[in-house]
Amino acid sequence: MATLIHDFIFETARQTTAAPALSYQGVPLAYGALAQSVRDCAGALLQLGLQRAARVAVYLEKRPENVVAMFGAAAAGGVFVPVNPLLKPEQVAYILGDCGVSVLVTSRERLAQLAPALAGCPDLRAIIVTGERGPDTALGGVRILSWSSVLELGADLPHAMIDQNMIDEDMAAILYTSGSTGRPKGVVLSHRNMVAGAVSVSTYLRNTPQDRLLCVLPLSFDYGLSQLTTAFASGACAVLINYLMQRDIIEAVEQEAITGLAAVPPLWIQLSQLSWPLSTPLRYITNSGGVMQPGTVDKLRAQLPRTQIFLMYGLTEAFRSTYLPPEQLERRPDSIGKAIPNAEVLVLRPDGSVCDDEEPGELVHRGALVALGYWNDAARTAERFKPLPPQADGLVLPELAVWSGDTVRRDADGYLYFVGRNDEMIKTSGYRVSPAEIEEVAYASGLVADAAALGVPHPLLGAAIALLVTAAPGVELGREALLSACRQRLPAYMMPLWVDIRAEALPRNPNGKIDRALLAREIAEVLAAIPVNAGERP
């Protein structure tokens with residue numbers, strides 16, 4: 001039984017060295033070779049002076065080096081920080097600076113764009129670049145080394161030195177997710193969190209070494225990273241893909257003999273509208289990151305009659321919380337199911353008491369998957385990670401649970417149903433987007449006096465981002481000028497799909513804050529009457 005997240009790779013390599021662990025662009029990588037690369041990477045990081053619990057950021061698209069760097073950092077006693085490859089340099093630099101990254105793994109092309117923003121990362125000591133081997137150089141005192149030279153450096157270190165007496169409560173990863181107050185927050189995961197999550201998920205999905213899981217989601221997304229850890233927990237093969245068109249996914253399923261596929265609702269909507277082959281190797285598909293509408297489920301069932309569908313609910317702070325067994329799909333198509341193995345999910349009132357059946361309350365998750373909190377953010381950690389009432393008389397120490405901020409209800413059979421989100425986060429294309437982060441970019445442009453970013457229902461995206469603004473004094477503001485300023489600092493999934501430039505100040509509530517509820521009602525009616533192609537972004 002694995003204790004640390006990288007142990008999954010090492011244990012399978014000891015048992016079946018030649019079994020495929022990864023596949024990238026049609027080229028397989030066996031568990032034995034992956035384990036060797038992870039050890040070499042860990043050794044190199046230690047040679048470079050990586051301290052225990054120091055952070056190693058990985059800013060790459062999905063490729064073997066990405067996987068090796070993350071698990072190599074964990075094996076060296078460090079903490080890996082996967083960074084979404086869609087983020088802009090300024091956003092990447094914020095993450096690197098916020099958690100004090102010591103080592104960055106990226107490509108030369110990405111580094112060229114990122115370099116001007118690295119001045120705000122004083123803890124950065126080394127940058128490892130993938131691609132063709134080049135001479136080791138420096139950037140403002142930061143060492144720049146090629147990936148191949150780093151692996152050679154690590155191969156010189158005896159593997160016994162990699163063991164740093166780690167335990168499962170040690171930090172393993174920090175995953176950044178947008179916060180409701182602006183800047184993204186880093187969710188700190190322990191080895192125990194990740195191992196327990198991988199074992200739990202692979203158990204109810206019944207994964208085996210014969211499975212091949214297609215990784216279409218970003219590895220910086222907990223649901224995307226889970227595809228790797230689930231595969232490694234069961235000795236299965238993870239197939240990495242950076243797709244351009246949805247059709248590429250269906251083709252990869254056939255070419256790579258994929259048995260498990262995970263996606264978020266907007267992607268499932270698009271995939272359900274395409275033609276699938278009459279015979280497909282898919283054993284199961286899974287959904288999380290939002291509620292999949294019954295109509296989409298029906299289309300997928302018709303297209304994939306021999307494929308099991310698992311509907312799930314999760315949050316980064318607890319990795320995964322619930323799943324609906326496929327045999328319940330016909331009876332409860334709108335349910336998020338029950339707690340996953342080794343977790344308990346409660347529906348509680350604000351005072352911590354348990355809600356009655358059908359009474360809406362906050363979803364609260366307790367157990368081994370509860371994260372270690374938010375990095376360097378005591379205030380937001382205290383809001384989300386709160387003690388539960390004692391589970392038994394005589395217990396003195398409090399147990400911290402994750403209070404999700406989501407409202408759900410529980411039926412008489414114990415199945416849960418999602419009601420709504422309690423915060424102002426916008427869930428679009430499977431991402432949680434902070435309105436304040438978009439507004440910050442709008443204000444920074446100098447073009448606006450008032451700004452409010454809102455989410456409005458959208459048939460494919462889940463929610464579309466609407467940006468309502470008033471022009472700054474003396475500015476003749478146009479839509480394209482504002483969007484151009486946003487494009488420079490926001491990734492595509494954060495871009496507003498709708499811009500409303502108003503002549504008067506945005507309405508306020510009695511507390512003096514912009515009345516978001518009123519604005520949402522106003523623009524929802526307008527957008528509902530306008531046909532929108534969700535595949536297009538401004």
Side-chain angles (χ1 to χ4, degrees), residues 2-8 67 70-71 74 79-82 84 168-179 184-205 207 213 215 217-234 238 260 262-264 286-290 310-324 336-346 363-375 380-381 384-385 399-406 408 416 418 425 427 430-432:
T3 300
L4 308 174
I5 192 61
H6 49 277
D7 287 342
F8 286 132
V67 179
M70 289 192 296
F71 287 85
V79 178
F80 64 85
V81 185
N84 193 322
D168 65 356
E169 279 299 298
D170 288 339
M171 293 189 296
I174 302 178
L175 304 186
Y176 273 82
T177 180
S178 290
K185 55 186 183 290
V187 179
V188 185
L189 301 177
S190 68
H191 284 271
R192 182 190 183 206
N193 294 151
M194 300 184 72
V195 169
V199 171
S200 180
V201 173
S202 62
T203 296
Y204 69 75
L205 292 179
N207 289 117
L213 312 186
C215 300
L217 302 171
L219 301 181
S220 57
F221 182 19
D222 64 294
Y223 189 27
L225 182 60
S226 177
Q227 305 313 304
L228 280 182
T229 58
T230 299
F232 295 157
S234 53
V264 292
T286 70
N287 174 76
S288 190
F310 289 81
L311 302 183
M312 305 185 297
Y313 165 93
L315 64 163
T316 308
E317 293 85 350
F319 219 54
R320 190 72 48 78
S321 293
T322 70
Y323 83 102
L324 182 71
I336 59 174
K338 294 183 178 181
I340 67 172
N342 198 26
E344 183 175 11
V345 174
L346 307 170
L363 184 149
V364 178
H365 178 124
R366 64 178 294 260
L369 277 73
V370 174
L372 300 182
Y374 299 127
W375 179 262
R380 286 198 284 190
T381 297
R384 188 68 75 206
F385 297 84
E399 176 191 357
L400 293 182
V402 175
W403 297 65
S404 69
D406 291 342
V408 299
L416 301 173
F418 184 82
M425 296 296 293
K427 195 66 174 283
Y431 294 96
R432 297 180 75 223

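Residue numbers start at 1 and run along the sequence shown. The structure displayed is predicted, hence computed values, not measured ones.
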Report task. Only counting residues at least two apart or in another chain, list the ones meeting ring pair (Phe, Tyr, Trp, His ring centres under 6.0 Å) with Tyr313. Result -> none

Query raised in the report: Any side-chain heavy-atom pair from Asn342 and Thr203 closer than 4.5 angstrom?
Result: no

Query raised in the report: Do you know the tightest heavy-atom contact between Ser234 and Thr230?
Result: OG-O, 3.1 Å

Query - Leu217 versus Gly224, closest heavy-atom pair with distance - result: CB-CA, 3.7 Å

Query raised in the report: Under the criterion side chain to side chain contact (heavy atoms under 4.5 Å, CB included), which of Thr322, Ile340, Val402 is the partner of Val345?
Result: Thr322

Report task. State whether a side-chain donor-acceptor pair under 3.5 Å links Thr316 with Asp222. Result -> yes

Report task. Give the minimum heavy-atom separation between Gln227 and Leu213, together with the two atoms involved. Result -> O-CD1, 3.7 Å

Report summary line: With sequence neighbours left out, the residues meeting side chain to side chain donor-acceptor pair (under 3.5 Å) with Thr286 are Tyr223

Requested in this report: Measure the CG-CG distance between Leu219 and Leu175 for me, rounded to the nearest 0.5 Å.
Outcome: 10.5 Å

Query raised in the report: What distance separates Leu205 CG from Met312 CE, expressed to the nearest 0.5 Å?
Result: 6.5 Å

Query raised in the report: Taking all atoms of both residues into account, what is the closest heavy-atom pair of Pro184 and Arg380, and its distance?
Result: O-NH2, 4.0 Å

Report task. Could you tell me which residues satisfy side chain to side chain donor-acceptor pair (under 3.5 Å) with Asn193, sequence neighbours excluded, listed by chain and number? Result -> Ser190

Requested in this report: Report the distance from atom CH2 of Trp403 to atom CG of Leu346, rounding to the nearest 0.5 Å.
Outcome: 8.5 Å

Query raised in the report: If only atom types and distance count, is the side chain of Ser220 paired as donor or acceptor with the main-chain N or O of Pro82 below 3.5 Å?
Result: no

Requested in this report: Measure up the Phe232 and Phe71 rings against each other and bin them: parallel (under 30°), tilted (30 to 60°), perpendicular (over 60°).
Outcome: perpendicular

Query raised in the report: For the residue pair Thr229 and Ala198, what are the closest heavy atoms and their distance?
Result: O-CB, 3.5 Å

**Report entry** Non-hydrogen side-chain atoms of His191 and Asp7 separated by less than 4.5 Å
**Finding:** no

Query raised in the report: Of the options His365, Lys338, Glu344, which is the one that meets Ser321 in a side-chain hydrogen bond (donor to acceptor under 3.5 Å, both in side chains)?
Result: His365

Query - OG1-CZ distance between Thr177 and Phe221, expressed to the nearest 0.5 angstrom - result: 8.5 Å

Requested in this report: Report yes if the side chains of Val195 and Phe8 come closer than 4.5 Å at any heavy-atom pair, otherwise no.
Outcome: yes

**Report entry** Donor-acceptor pair, side chain of Arg366 and main chain of Leu400, under 3.5 angstrom
**Finding:** no

Requested in this report: Kindly give the heavy-atom pair with the smallest separation between Phe319 and Gly197, and that separation in Å.
Outcome: CD2-CA, 4.4 Å

Query - Listed partners of Phe80 passing ring pair (Phe, Tyr, Trp, His ring centres under 6.0 Å), at least two apart - result: none

Query raised in the report: What residues, two or more places apart in sequence or in another chain, satisfy ring pair (Phe, Tyr, Trp, His ring centres under 6.0 Å) together with Phe385?
Result: Tyr374

Requested in this report: First locate atom CG of Asn287, then atom CG of Leu324, and finally report the distance between them rounded to the nearest 0.5 Å.
Outcome: 11.0 Å

Requested in this report: Sort and list the pairs that fulfil salt bridge (Lys or Arg N to Asp or Glu O under 4.0 Å) and have at least one residue in residues 186-200, not counting sequence neighbours.
Outcome: Glu169-Arg192

Query raised in the report: Can you find a pair of side-chain heavy atoms, one from Arg320 and one from Ser200, that are under 4.5 Å apart?
Result: no

